[in-house]
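Proteins get letters first, then strands, A, B, ... in listed order; numbering begins at 1 in each.
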Protein chains: 2
Amino acid sequence: MNASSKPERTRLSAEDWEEAALGLIADQGVGALAVEALARQLGVTKGSFYWHFRTREALLLAALERWEQYGEREVLGQIETIADPRERLPELFRRVAHELRPHRVYAALLKALDHPLVVPVMARVSQRRTDFLNTAYREAGLPPEDAINRARLTYAAYVGFLQLNFTLGLPRLGHDEFDAYIEHMIATLIPA
Amino acid sequence: MNASSKPERTRLSAEDWEEAALGLIADQGVGALAVEALARQLGVTKGSFYWHFRTREALLLAALERWEQYGEREVLGQIETIADPRERLPELFRRVAHELRPHRVYAALLKALDHPLVVPVMARVSQRRTDFLNTAYREAGLPPEDAINRARLTYAAYVGFLQLNFTLGLPRLGHDEFDAYIEHMIATLIPA
DNA sequence: GGCGATCCATACTCAAGCGTATGGAAAAGA
DNA sequence: TCTTTTCCATACGCTTGAGTATGGATCGCC
């Protein structure tokens, strides 16, 4: 009967609300973040919510901070363990391309950049990732003035792909078509 | 006193509402499209609106159709007049990069892809543009199986750039920094 | 096993925004 | 000029969703 994973939790914590909020953001967007809807989904009422949070914005802020801290930094962390710098970028692209969940919140926040609370978070996250690409490209042998622009181009391609194929349903590449696209992207963007 | 360009129009037409709607969408997003706000901006009240349109969604639909027909097809039209196919793509990139207004509606609609009315419009527009890039890359000498993926990559980079530098305020490239990025993009994506 | 702290339900208020009803003004035709 | 069509204002109803007030339930603890 209950939508969450733990079907019957007796009491709720603030973290439960934040996690539920992130889930709702992931598959319905920031605009759908309503307290009564969330409460229904958690099997409680507004009374519970306003004990944990002072306002709706407070929940959004807490959820965003939580996402930035816990849910977001995993991807790049694994990559840094790859020894050969020239293998790092292709491996990053292939891994990122075959995961779905981690991108869903990011894609949703991308569509909420008019909201003042999400802008700084997205600015920080995007900047960190672009910086990572920048150093990766330099370590792969690209001259610094090229590396920064290549990093921008790469990350823009990532963001655009999210919008076009994730949110919008553009011709929905088939599995092998998708792999071909990824390999083409690697061949085009990564220096031989 | 009046916000629009024509300060005192005695009567309004449906097209006036559609144009105003596109303007509001361009700089505040689809979510900000409210009839009373629009009416204030046009110097009238709701009574006027509901004479021209049956509902708010009807206005949105009409505005989207208007945008798809009139406001959108200009960019690609100019490019097709360039004789040398190998010069077409660099010229397209440079022109697109130095215009602002035509992208504002597209960027706004990109953030409203959860709305059922905008999805088909954006799907058609994005598909047309990607097709254009596809044939342009083939005419520039790329083998067909590469051309389609290069077109996807290029358009994804465009969309991502819109989100990152337009909507989000990422480190706001300076004028020459921006030009360097464009030239780098041309050098990277367009076959020599 | 009682008691303070924690968590939640119920019942409200309030504001925003869509849509409707109706009458009046202004243009267009005759 | 007089009537008809076109355009708009005012005043309403209705729904949604945020936030508040208050009392009840449950947990931790002594």
Side-chain angles (χ1 to χ4, degrees), chain A residues 1-4 6-25 27-64 66 108 112 114-118, chain B residues 1-4 6-25 27-64 66 108 112 114-118:
Chain A
M1 190 68 78
N2 214 319
S4 185
K6 276 88 173 189
E8 293 296 341
R9 172 97 52 114
T10 43
R11 312 283 278 268
L12 289 171
S13 71
E15 287 80 21
D16 294 325
W17 284 95
E18 297 168 10
E19 284 298 332
L22 287 176
L24 208 159
I25 289 174
D27 54 55
Q28 294 196 243
V30 176
L33 187 60
V35 315
E36 279 158 315
L38 254 190
R40 262 191 306 275
Q41 182 179 323
L42 288 173
V44 291
T45 66
K46 302 165 45 166
S48 171
F49 175 84
Y50 284 100
W51 191 90
H52 292 284
F53 298 93
R54 236 176 53 74
T55 171
R56 195 203 91 126
E57 299 266 289
L59 168 66
L60 177 57
L61 181 61
L64 290 176
R66 183 179 188 78
D114 38 4
H115 200 300
L117 283 182
V118 319
Chain B
M1 190 68 79
N2 214 320
S4 185
K6 277 88 173 187
E8 293 295 342
R9 172 97 51 111
T10 43
R11 311 285 278 271
L12 289 170
S13 71
E15 286 79 23
D16 294 324
W17 285 95
E18 297 168 11
E19 284 298 331
L22 286 177
L24 208 160
I25 288 174
D27 55 53
Q28 294 196 243
V30 178
L33 186 61
V35 315
E36 278 156 315
L38 254 189
R40 262 191 307 274
Q41 181 179 324
L42 288 173
V44 290
T45 66
K46 304 164 44 164
S48 171
F49 176 84
Y50 285 101
W51 190 90
H52 293 283
F53 298 94
R54 236 176 53 74
T55 170
R56 195 202 90 127
E57 300 266 290
L59 168 65
L60 178 56
L61 181 60
L64 290 176
R66 184 178 188 78
D114 38 4
H115 199 300
L117 283 183
V118 319

Legend entry - Closest-nucleotide 5' rank along DNA chain D - winner of Thr45(B) and Gly47(A): Thr45(B)
Legend entry - Sequence-aligned protein contact record of nucleotides 23-30 of chain D, with B where the base is within under 4.0 Å of a protein heavy atom and S where only the sugar-phosphate is: ---BS---
Inset, instruction - Please figure out whether Phe49(A) or Glu36(A) has its closest DNA chain C nucleotide nearer the 5' end. - result: Phe49(A)
Legend entry - Donor-acceptor pair, side chain of His52(A) and main chain of Leu12(A), under 3.5 angstrom: yes
Inset, instruction - Mind calculating the distance between CH2 (Trp17(A)) and C1' (dT6(C)) to the nearest angstrom? - result: 15 Å
Inset, instruction - Could you tell me the separation between the CZ atom of Arg56(A) and the OH atom of Tyr50(A), rounded to the nearest 0.5 Å? - result: 9.0 Å
Legend entry - Spacing of CG belonging to Leu22(B) relative to CG belonging to Leu59(B), to within rounding of 0.5 Å: 8.5 Å
Inset, instruction - In whole angstrom, give the distance that lies between atom CG of Leu60(A) and atom P of dA18(D). - result: 12 Å
Legend entry - Arg40(A) CZ to dA9(C) P, straight-line distance once rounded to whole Å: 13 Å
Legend entry - Heavy-atom pair of closest approach, residues Lys46(B) and Ala39(B): N-CB, 4.1 Å
Inset, instruction - State the CG-CG distance between Leu38(A) and Asp16(A), to the nearest 0.5 angstrom. - result: 11.5 Å
Legend entry - Value in whole Å for how far the P atom of dG17(C) lies from CD of Gln41(B): 14 Å
Legend entry - Nearest heavy-atom neighbours spanning Trp17(B) and Phe53(B): CB-CE1, 3.5 Å
Inset, instruction - Taking only heavy atoms on the protein side, list every residue of residues 50-59 of chain A lying under 4.0 Å from any atom of DNA chain D, sorted numerically. - result: Tyr50(A), Thr55(A), Arg56(A)
Inset, instruction - Measure the distance from CG on Leu33(A) to C1' on dA18(D) and round it to the nearest whole Å. - result: 12 Å
Inset, instruction - Just call it for Leu38(A): base, sugar-phosphate, or nothing, with non-hydrogen atoms closer than 4.0 Å on any strand. - result: nothing
Inset, instruction - State, without any angle test, whether Ser13(B) and Glu15(B) hold a side-chain donor-acceptor pair at a distance under 3.5 Å. - result: yes
Inset, instruction - Would you give the length of the straight line joining atom OG1 of Thr45(B) to atom CZ of Arg40(B), rounded to the nearest 0.5 angstrom? - result: 11.0 Å
Legend entry - Of the listed nucleotides dA9(C), dC8(D), dC12(D), the one nearest the side chain of Val44(A): dA9(C)
Legend entry - Protein-nucleotide distance (Lys46(A), atom NZ; dC7(C), atom C1'), rounded to Å: 17 Å
Inset, instruction - Hey, could you give me the CD/CG distance between Glu19(B) and Leu24(B), rounded to the nearest 0.5 Å? - result: 12.5 Å
